[in-house]
Amino acid sequence: MDEDPISQFFPGQEDVDLYAVLNLSSSAKDAEIKKSYRKLALLYHPDKHTSSSDEVREDASRKFQQIGFAYAILSDEKRRERYDKTGRTDEGLEMQAGEEGWDAYFSELFDRVTKEI
């Protein structure tokens with residue numbers, strides 16, 4: 001079985017609550033998810049920590065990636081439903097036709113990033 005992507009963003013952590021990552025409850029609405037993500041992303045954005053120590057920059061960068069991952073799951077209806085039901089974030093064989101997966105998600109976030117890069 002393939003490793004759940006959550007383990008890449010939260011290495012060494014067995015039980016990760018993506019709602020807690022965004023300081024939310026599991027009953028949070030889409031607008032609350034978006035608001036919390038934006039607030040935390042601004043707080044931990046790497047550009048905000050350029051003059052900080054290496055340790056602080058690394059911590060902020062890791063948290064920024066974790067926040068982005070949590071948002072990617074919880075802001076997508078199908079991914080959130082799967083996460084709520086199974087606690088997993090992998091997409092495996094259950095993706096429906098037309099769903100493009102993680103490559104498409106990151107390409108949308110960073111339009112210069114392509115599979116080749």
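Just so it is clear, the model here is predicted, and its values are computed rather than measured.
Ala60 and His49 get closest at one heavy-atom pair: CB-CD2, 3.4 Å. In terms of heavy-atom proximity, Asp4 sits nearest to Ser7 at O-OG, 2.8 Å. Annotation for Leu22 and Ile67: closest pair CD2-CG2, 3.7 Å, computed over non-hydrogen atoms.
The aromatic rings of Phe64 and His45 stand perpendicular to each other, their planes meeting at an angle above 60°, with 30° marking the opposite boundary.
The salt bridge (Lys or Arg N to Asp or Glu O under 4.0 Å) analysis of residues 42-57, with sequence neighbours excluded, yields the pairs Asp54-Arg57.
Atom OH of residue Tyr19 and atom CG of residue Asp84 lie 3.0 Å apart, to the nearest 0.5 angstrom. One distance of note links CD of Gln66 with CZ of Phe9; it measures 9.0 Å at 0.5 Å rounding. Annotation: the span from Arg79 atom CZ to Tyr71 atom OH amounts to 12.0 Å, rounded to 0.5 Å. Taking NZ from Lys35 and CG from Asn23, the interatomic distance works out to 12.5 Å, rounded to the nearest 0.5 Å.
Ile33 and Leu43 end up in the same hydrophobic cluster when Ile, Leu, Val, Met, Phe, Trp and Tyr side chains are linked at under 4.5 Å.
Partner of Arg82 under the side-chain hydrogen bond (donor to acceptor under 3.5 Å, both in side chains) criterion, out of Asp76, Thr89, Asp90: Asp90 alone.
Heavy atoms of other residues, nucleotides or ligands lying less than 6.0 angstrom from CZ of Arg38 number 12 at most.
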For this session: May I have the step-by-step check of side-chain contact (heavy atoms from CB on, under 4.5 Å) for Leu74 and Tyr37, ending in yes or no?
Result: CA-CA 10 Å; Leu74 300 180; Tyr37 164 72; over 6 Å; no

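Ionic pairing of Arg62 and Glu58 is not present here: no N-O contact between side-chain nitrogen and carboxylate oxygen is shorter than 4.0 angstrom.
Side-chain atoms of Tyr83 come within 3.5 Å of backbone N or O of Leu18 as a donor-acceptor pair.
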